[in-house]
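Shown next, in structure tokens, is the structure this report addresses.
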Amino acid sequence: MALDAPVERRDEVQIAMGNGNGVAPSQPSRPAGRPTAAAAAAPYADRRLRLNPNADHKPEDYSDVRGEYAPAVYSALERHLPPSLIDADRDVKLHFMRDILARYWPQGERNKVQRHREYRQRILHLYKPLHEELYNMHPSVFFLPTFLEAVRSNTEECFRSIMTEPIPGVYSFAMLQPTFCEMLLEEVENFEKWVHAMKFKIMRPNTMNKYGAVLDDFGLEAMLNQFMEQFIAPISKVLYPEVGGGTLDSHHAFIVEYGKDRDVELGFHVDDSEVTLNVCLGKQFSGGELYFRGIRCENHVNSETQHEEMYDYTHIPSWAVLHHGRHRHGARATSSGLRINLLLWCRREMKKYQKDFPSWCGECQREKRERQSQCVKATKMAFLRGSGGAAI
């Protein structure tokens, strides 16, 4: 089985603010006054993080911090700050945490992130959108009334009333307005033509897809973040609590294209996400079925597929498939026409749940059942041997 990883990592880290040994680089002299965050944090440079978090401490709000790790990472890390720093000014704590986090990224990775940031900023500065209305959330324009009503009701019963669940953990439902699908297809086509005319080297969604585009790269990030937070997270909270579905805090959104002169199929893999939304935008096509082969943790990703885990899904334009990111899957060859899909990888940066693989990994569950069965058999055998001995 060939598994592949995405090009970009989950967290974007800025260029290291220290010199690699925890001490901030020297700064030019400045007039007397309030010290800089770097200077204020310097006395704490040799302090170590707490092993166990301070559960009683209320972290600062980092929701305005951009271009680095997700705000939730800073809020969580703040609980681990040394006692002498935990009540310092927010800027001091932020500088200290950035320096700590930067040490865990090789210089090459930081350079890659910086190049991607510069690439995105250049596009945002130069690219003129075709459909301005796509760049702000308009629920009634984007979503079908049945889907909107289910989200507004916000109950498991309402969610399941619009869905089918052909195998455990895979849900299919009508979601997007056809006009929204058409506008998004036209926007992506316009962006690709613009990239070609500008002689840009377009960054593809991941290492497995040679065609398609990352939607966040040309201005749709804010809208898609609302898309996830307001319309996917409420559903994930109910359907995927075992992976923190209600606390999704970042995403990777992209378009994939399959057909003649495009990608033809997609190999067997898992996604770099907690929850994946896959919506077919069109156009006319045949083939391209999505096949599922069971949810697996990292330890069992290459294990055999059980018969009851096998399922093939046929795409329908404007319909969505929602599934666990670790649900192994692939796409069969698109035999004719052009199939274009919207993918939204929904993520939870602070993944404490991963310590509990048996709660969601199909193979962990099978092994647990096998151990329980062996234990029952052993108990019965011991009982029978004991009974036989007593009879003699």
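Count residues from 1 along the sequence. Computed over heavy atoms, backbone and side chain alike; hydrogens, waters and symmetry mates excluded.
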Salt bridge check, [Y] against [X]: does any charged N sit closer than 4.0 Å to a carboxylate O?
X: Asp312; Y: Arg293; result: yes
X: Arg122; Y: Glu118; result: no
X: Asp272; Y: Arg347; result: yes
X: Glu221; Y: Arg120; result: yes

Just by distance, no angles: are the side chains of Asn225 and Glu229 close enough, under 3.5 Å, to form a donor-acceptor pair?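 Judged by distance alone, the side chains do pair up.
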We want to know whether His57 and Glu78 form a side-chain donor-acceptor pair, criterion being a heavy-atom distance below 3.5 angstrom.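 Side chains of His57 and Glu78: pair found under 3.5 Å.
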What pair of heavy atoms forms the shortest contact from [X] to [Y], and how long is it?
X: Pro59; Y: Ser75; answer: CG-O, 3.3 Å
X: Pro168; Y: Glu165; answer: CA-OE2, 3.4 Å
X: Ser236; Y: Gly245; answer: CB-O, 3.3 Å

Got a sec, which residues hit side chain to side chain contact (heavy atoms under 4.5 Å, CB included) with Leu148, two or more places apart in sequence or on another chain?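 Residues passing side chain to side chain contact (heavy atoms under 4.5 Å, CB included) with Leu148: Pro139, Phe143, Arg152, Phe231.
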Linked, directly or transitively: [X] and [Y] (ILVMFWY side chains, under 4.5 Å):
X: Val188; Y: Met198; answer: yes
X: Ile167; Y: Leu322; answer: no
X: Val238; Y: Tyr171; answer: yes

Is the shortest heavy-atom distance from the side chain of His315 to the side chain of Ser172 under 4.5 Å?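 His315 does not reach Ser172 side chain to side chain.
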In a check of ring pair (Phe, Tyr, Trp, His ring centres under 6.0 Å) between His327 and each of Phe268, Tyr240, Phe292, which one passes? Phe292
Strictly distance-based, threshold 3.5 Å: is any side-chain N or O of [X] a donor or acceptor partner for the main-chain N or O of [Y]?
X: Glu274; Y: Arg348; result: yes
X: Ser373; Y: Glu370; result: no
X: Asp263; Y: Lys210; result: yes
X: His80; Y: Arg50; result: yes

Other residues, nucleotides and ligands only: do more than 12 of their heavy atoms fall within 6.0 Å of CD on Gln284?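 No, not enclosed.
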Using side chain to side chain contact (heavy atoms under 4.5 Å, CB included), reason through Trp345 and Leu248 one step at a time and then give a plain yes or no. CA-CA 10 Å; Trp345 284 357; Leu248 302 172; over 6 Å; no
Arg332 to Tyr291 six-membered ring, cation-pi geometry met (6.0 Å, 45°):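 The answer is yes; both the distance and angle limits are met.
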Taking only residues at least two apart or on different chains, which pairs with a member in residues 52-61 satisfy salt bridge (Lys or Arg N to Asp or Glu O under 4.0 Å)?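 Every salt bridge (Lys or Arg N to Asp or Glu O under 4.0 Å) pair that includes a residue of residues 52-61, provided the two are not neighbours, is Glu60-Lys93.
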